[in-house]
Each structure stands twice: as C-alpha cells, then as structure tokens.
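Scroll down for the structure; my scribbles are underneath it.
Counting starts at 1 for both ligands and their atoms, in listed order. What's counted below: heavy atoms across the whole structure, side chains too, no hydrogens, waters or symmetry copies. Residues: numbered from 1 along the sequence shown.
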Amino acid sequence: MTDNNDTIDALSHENRTFAPPAAFVAQAHVTDDSLHSAARADLESFWATQASKLISWQQPWDTVLEWDLPYAKWFVGGKLNVAENCLDRHVQAGFGDKVAIYWEGEPGDTRVITYAELLAEVERFSNVLKGLGVRKGDRINIYMPMVPEAAVAMLACARIGAPHSVVFGGFSSQSLVDRINDAEAKVLITADGGYRRGEVFPLKPAADEAVAQTPSIEHVVVVKRGNNDVTMVEGRDHWYHELMADAAPSCPPESMDSEDLLFLLYTSGTTGKPKGIMHTTGGYLTHVAYTHRNVFDLHRDRDVYWCTADVGWITGHSYIVYGPLANGATQVMYEGVPNYPGNDRFWAIVEKYRVTIFYTAPTAIRTFMKWGADEPSKHDLSSLRLLGTVGEPINPEAWMWYHENIGGGRCPIVDTWWQTETGGIMISPLPGYTTTKPGSATFPLPGVNIAVVDDAGQEVEHGGGYLTLTQPWPGMLRGIWGDPQRFVDTYWSRFEGSYFAGDGARLDDDGYLWLLGRVDDVMNVSGHRISTTEVESALVSHPAVAEAAVVGANDATTGQAIFAYVTLRGGQDVDVSTLRDHVATEIGAIAKPKAIFFTPDLPKTRSGKIMRRLLRDVAEGRNLGDTTTLADASVVDELQRRAAETSSED
Ligand code: 7RM
C-alpha cells in the first residue's frame with residue numbers, strides 16, 4: 001500500500017510509553033473515560049451536551065443531527081452568531097479587559113488586544129463591509145499577512161453572515177484569481193505587505209494582478225502594514241484605517257442558522273483544481289471549541305496559548321481564530337518566521353509571554369532539531385505545560401526531541417490528526433488521560449468514530465489499511481463549493497457508507513493508531529497539502545515544457561519534497577531556476593520543486609500511465625524494483641543517470 005513499509009514497521013513498533021504526568025493530571029479537564037463512555041452511549045446527545053455547554057445559542061435547535069449520507073445537518077433549527085460567541089459573550093461576562101491577542105510583529109513591534117477592543121474593532125469593520133454593499137451570504141476573500149486585522153476581517157464576516165474565503169498570503173496572484181472566481185467574491189481584504197525574514201513582502205501588487213481578472217470583486221480593502229508603495233485604484237481600493245475612522249461603532253450580530261455557510265477554504269485535491277471546502281456555523285463552532293478545550297486542556301484564566309500556523313490554513317481558522325476565541329483564551333499571534341532575527345525567535349516569544357500551550361508542525365520541530373538544542377536552552381521555557389503537533393506524521397526522534405528540549409520532559413504531547421475537511425481535531429491523545437507513544441496520534445477523540453479498512457472495505461483490527469470515518473461529526477465539511485459530484489466522488493465513494501480521508505493508517509497490537517501519510521496523489525510538504533497534478537499543470541503551462549511528472553519524495557526536514565521530471569518541447573530550452581520560479585508564479589513559493597530533472601522521456605506503462613512509484617524510487621535514491629511493465633525500460637537508465645549527476649537546489 002505504501003512504498004516504505006520498513007519505516008512504517010519501525011515506527012509502529014516504537015514501544016516507549018508516556019503516561020500523563022501526575023502534576024498535569026491533577027489540574028486537567030479530562031482525566032478519565034467519562035467523555036468516551038458518554039459518546040459511546042449516545043453520540044448525538046454527547047455532541048448536544050458539548051454544543052449547549054460551550055456555545056451560546058440565540059435559539060435552541062430542534063434536531064441534533066439529520067444524517068442523509070453523505071449530507072449531515074447539525075443542530076437543525078438552532079440560531080447563533082459565531083462572532084458573538086467569540087467576542088460579545090465574553091465581554092458581557094466581564095472578561096472585556098482580558099487579553100485576547102498578544103500580537104508580535106516580526107520586527108519586534110507588539111500590540112496587546114483585549115476582548116473588548118477586539119469586539120469594538122470587529123463591530124466597526126462589520127459596518128465597513130456593510131457600507132461597501134456586503135450582505136448576508138455574499139462571499140469575501142481575505143489575502144493577508146499574520147496581523148490581527150486578518151482575524152478581525154474573518155470575525156466581521158462571521159458577524160454579518162458573509163462567508164469568508166481566506167487565501168494564504170504565500171499563494172500567487174494566479175491562485176488568488178482561481179479562488180476568487182470560484183467563490184465569486186464581492187470584496188477582497190488584503191494588506192500593502194507584511195514582514196518575512198526581515199523584509200517586507202508585498203501583497204497588494206499580487207492582489208492588483210488578481211483583481212484585474214476577477215470580475216466579481218467590487219472593492220478592495222487594504223490594511224497598512226508593510227508601508228511599501230502601492231497603487232490605489234480610485235473608487236475600488238480603500239485604506240482600512242480610513243474606512244474604520246468613519247465607521248459606526250456598533251453592529252449587532254446577524255442571527256445565523258446553524259447550517260448557514262461560515263467559510264470556504266480551498267485545499268488541494270488530486271486534480272489540478274483546488275476544492276472549496278464548505279464549513280457551516282453551529283456544528284463547526286461546537287467541534288472546534290470542544291477540541292480546543294479538551295485536547296489543549298485550556299484553562300482560560302491562566303493559560304497563554306500559541307499556535308504557530310498561518311490564518312490562511314485550516315489550523316489558523318480552527319485553532320487561532322474560532323476555537324481559542326470561542327473559549328475565551330489568551331493567545332500569542334506571531335507575524336514572521338522562526339529564524340528572524342535568530343534561530344531562537346520562537347523560544348524568545350515563549351519566554352516573553354510565558355506561553356503555556358504551544359502548537360506547531362513536525363516540520364518545524366525537525367528544523368529546530370537541525371538548529372540545535374542550544375537555541376531553546378538560551379530561554380526560560382518553564383511556563384510550557386502542553387505541546388501539540390499537527391499537519392503530518394511526527395517521527396519518534398522528533399517527538400522525543402520536542403519532549404525533552406522544548407517540554408523539559410514534563411509536558412504531555414498531543415499529536416493531532418485532522419484535515420481541512422474535518423474542520424477540527426479527530427484523532428489525538430487527551431493529555432490528562434491518554435498514555436502516549438512517540439509518533440502515534442493514539443486514539444480517536446470521544447465523539448469520533450473511525451475504522452482502518454483494507455482494499456475491500458473490511459475493517460482491519462491490526463496492521464495497515466485506509467483511514468475512514470464511520471459516523472458523522474459536527475465539524476465535517478458540508479460539501480465542495482459548486483461541485484457536489486466531486487464531494488461524493490472524493491470522500492464518499494471509495495468505501496460504502498464511510499468518509500475516506502485519503503490517509504493510510506496502521507493499528508498496533510495495543511490499538512494505537514499510526515498515521516502513515518497520503519495514499520493519493522497529494523503531497524505533504526512542511527505540513528502543506530499540494531497536489532502533484534497542480535504542480536504538473538503549472539510546469540506544463542510553461543511554453544518550453546512538453547510533459548511533466550511530479551512526485552513527493554521523503555525529506556528529512558519537510559516530510560516530503562517535490563521532485564519534478566520534465567520533458568521539453570522540441571527545439572526548446574529552459575533552465576531549472578526559471579521553471580521553479582514559474583511554478584512559484586503559478587501556485588506559490590511553497591510549491592517550488594526542490595529538484596527538477598530534464599529527461600527525454602517519462603517512464604510509462606504500456607497503457608501510457610506514468611510510473612510514479614518508479615519516479616519516487618529515483619528521487620529517493622532507491623534501487624528500482626520491477627520495471628517489466630514499462631513500455632521502454634531504457635528511459636529508466638537514463639533517469640537514474642541524470643538523477644545521480646543533478647544535485648538538488650534549495
Ligand atoms: C490540519 C491539516 C491534512 C492532511 C491529512 C494527513 C496530514 C495532518 C496529521 C497528519 C499524520 C498527523 N489539514 N496530517 N495531521 N498526518 N499525523 N497528526 O493539516 O488539510 O492541510 O492536511 O495532513 O495526511 O490528510 S490539511
């Protein structure tokens with residue numbers, strides 16, 4: 001099923017165990033089986049309890065769940081507003097002066113924003129959007145650096161019932177065009193630029209390029225951050241601070257149906273076209289609040305939480321904006337990279353704000369390992385009490401390094417498995433209850449039901465198979481924007497009656513789950529999902545390229561790295577760096593291939609299918625297995641020769 005069964009075997013036979021430390025258990029929300037047994041006894045009433053305990057409803061629901069596979073509706077008939085849950089109710093409960101966001105700019109500038117201040121800003125910006133003609137149901141695009149205004153924009157959209165579609169600031173203008181046009185967004189919220197690795201990266205010029213090709217966009221709102229030169233188009237473009245200065249201060253939250261669309265978030269699938277994943281209101285908010293509270297053991301009166309994701313990804317949506325704010329958390333938000341001005345920036349931030357809960361990606365941890373344990377040891381990290389990871393499998397070595405060098409041996413680690421589509425965490429330890437094993441995401445959370453199945457869909461009790469979700473859950477995607485058939489085909493057709501996650505998984509003898517990565521043509525580079533087809537399309541769109549095949553090869557730091565094999569059109573010539581830049585222009589810098597090999601032919605089967613396994617073997621420097629099904633075996637010799645002499649670039 002996967003190419004690296006040896007690694008997988010080694011991984012899932014890891015037998016060190018870590019019971020929750022007594023000091024942690026003594027204060028934890030969850031220390032026993034009670035949530036699990038409640039969920040097992042009655043799934044719907046379990047989730048209904050969470051929804052009424054954690055969320056404020058303007059009107060109660062009539063029905064907890066309507067399940068017409070694969071269409072779920074949660075808390076049907078219930079009314080609520082997400083922004084009201086994240087802001088107003090905390091202020092009304094007397095927490096207006098509590099810090100919501102400690103924001104740290106990359107250059108070292110800071111802002112401290114209380115719940116009352118955040119609410120005031122969101123109310124004003126809600127009125128700004130209304131003033132630009134935005135009405136309930138209109139889609140809004142957001143293309144921003146990691147500044148508080150990104151969260152303000154999302155919450156203002158939620159307040160007035162206008163679904164947002166955030167596009168990661170590292171994506172190209174072409175990616176922005178595709179996403180805006182697919183959603184037919186009316187307004188684009190962006191910034192002049194943001195800070196990254198000590199320099200301003202401009203966003204507005206990319207936004208301008210995009211908006212030239214997006215007929216639905218009527219207005220562009222620009223936050224001033226980078227102070228870089230920008231062109232403002234009269235009548236279309238507006239400075240955020242100017243609009244805010246004139247906006248009315250109060251804006252009542254719109255009453256939203258539990259199943260109204262809250263946001264779209266585009267994610268890569270196995271084709272060249274990203275999918276607009278649809279998330280709705282009541283179920284999503286319940287799921288992220290429940291998981292944020294219990295997986296991170298949030299105690300809002302004393303914790304300082306920090307998730308290092310970008311708001312452009314689902315982790316930023318669920319565990320920077322909606323989950324933490326719904327729970328009234330105090331959190332750190334950081335604008336820049338981990339190595340500016342030095343390799344210890346994250347640890348300086350942990351020390352400065354006395355961060356207690358820290359959530360990051362395995363790729364970051366492996367990078368910190370490379371930088372050495374001296375970096376964290378320059379700082380007092382004793383405030384930390386819980387560590388989390390997300391985005392890709394974490395290897396036991398990285399887990400142990402994190403545990404020892406960041407967690408000081410005292411912090412439980414929650415390895416959280418979930419997806420853009422699941423909305424929130426699905427598989428994770430409960431830190432006050434679950435005994436962990438380094439590298440295993442352990443067990444499904446209470447309220448989540450999974451099965452590992454074989455090719456025929458039969459449940460596997462021990463060993464490897466495909467990860468499926470067997471019951472609906474509140475945060476689940478409700479569809480793919482504009483493409484209902486693709487929703488059914490992608491997730492609900494492979495295994496009858498279950499959601500297919502696209503991941504391989506293995507159950508060890510103790511029933512622990514080991515996530516093994518994607519089983520489809522989706523790569524995972526530094527925790528970011530990138531489709532092989534998307535990169536291939538980008539390469540082929542260059543006039544010199546005839547054909548391209550892209551694979552994700554194992555990489556010690558980034559999990560996978562993108563390797564591309566390219567054949568050129570007759571008489572054409574192009575160099576590697578031009579092609580890499582071309583991919584960055586088409587998709588974004590994160591999709592730049594690490595290596596590009598030019599080859600006169602691609603290895604194909606007799607039926608014309610590109611042999612990806614073989615290309616991965618070449619990329620990973622392995623001996624090639626059976627090549628007898630190849631149409632032309634000499635292609636392979638040539639490939640290996642070229643791979644051996646081409647050294648990969650940065
Ligand atoms: C949250 C997020 C989803 C894909 C998923 C997996 C991989 C995520 C883990 C993981 C092993 C984990 N959303 N993945 N978390 N693999 N262990 N704890 O990352 O939509 O961008 O990606 O990421 O392959 O299908 S995502």
Side-chain angles (χ1 to χ4, degrees), residues 2 7-8 11-12 166 168 170-171 264-270 274-277 279 287-288 291-292 295 307-320 322-323 359-366 387-396 398-399 402 413-429 434 436-445 448 450 452 464 466-469 475-477 480 490-491 494 499-506 512-531 552 558-560 590-591:
T2 62
T7 329
I8 293 156
L11 202 80
S12 55
V166 183
F168 172 56
F171 275 129
L264 298 175
L265 185 60
Y266 284 79
T267 189
S268 290
T270 53
K275 306 174 276 199
I277 302 301
H279 283 293
H287 188 154
V288 298
T291 48
H292 183 260
V295 171
C307 166
T308 68
D310 188 285
V311 288
W313 308 110
I314 190 67
T315 306
H317 284 58
S318 301
Y319 299 108
I320 293 177
Y322 295 118
Y359 191 31
T360 197
T363 189
I365 297 164
R366 292 190 295 264
L387 304 175
T389 71
V390 59
E392 36 172 340
I394 181 163
N395 45 310
W399 195 103
Y402 195 32
I413 296 180
V414 289
D415 171 358
T416 64
W417 179 91
W418 58 293
Q419 307 177 298
T420 305
E421 292 87 340
T422 69
I425 298 170
M426 302 294 279
I427 302 171
S428 167
T434 312
T436 54
K437 293 187 186 184
S440 166
T442 71
F443 307 104
L445 289 177
V448 172
I450 68 141
V452 177
Y466 302 99
L467 179 65
T468 64
L469 304 169
M476 69 193 280
L477 79 166
I480 295 175
T490 309
Y491 306 108
R494 181 73 178 79
Y499 170 91
F500 174 43
D503 279 29
R506 188 178 175 92
Y512 281 68
L513 265 166
W514 299 80
L515 277 310
L516 307 176
R518 307 287 306 188
V519 294
D520 54 14
D521 288 334
V522 177
M523 299 173 287
N524 190 327
V525 181
S526 300
H528 302 318
R529 272 166 71 166
I530 301 167
S531 117
T558 58
Q560 285 191 313
I590 55 163

Testing the basics here: between N524 and E392, what is the closest heavy-atom pair and its distance to 0.1 Å?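 Taking every non-hydrogen atom into account, ND2-CB, 3.8 Å.
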
For a quick test of reading the model, state the closest non-hydrogen atom pair linking L513 to P444 and the distance between them.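 What the structure gives for the nearest pair is CD1-CD, 4.2 Å.
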
Write out the protein residues near ligand 1, meaning a non-hydrogen atom under 4.0 Å from one of its atoms, in order of chain and number.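 Near ligand 1, by chain and number: I314, T315, V390, G391, E392, P393, D415, T416, W417, W418, Q419, T420, D503, L515, R518, N524, R529.
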
So N395 and R366, side chain to side chain contact (heavy atoms under 4.5 Å, CB included) or not? Walk me through it. CA-CA 9 Å; N395 45 310; R366 292 190 295 264; 3.3 Å; yes

As a quick check of understanding, evaluate side chain to side chain donor-acceptor pair (under 3.5 Å) for Y499 and T422, giving each step before the final call. CA-CA 10 Å; Y499 170 91; T422 69; over 6 Å; no

Euclidean distance, T267 OG1 relative to I480 CD1, rounded to 0.5 Å: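 Going from CD1 on I480 over to OG1 on T267, the span is 10.0 Å.
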
No-hydrogen, no-angle side-chain donor-acceptor test under 3.5 Å, Y359 and T315: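 No, T315 and Y359 have no side-chain donor paired with an acceptor closer than 3.5 Å.
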
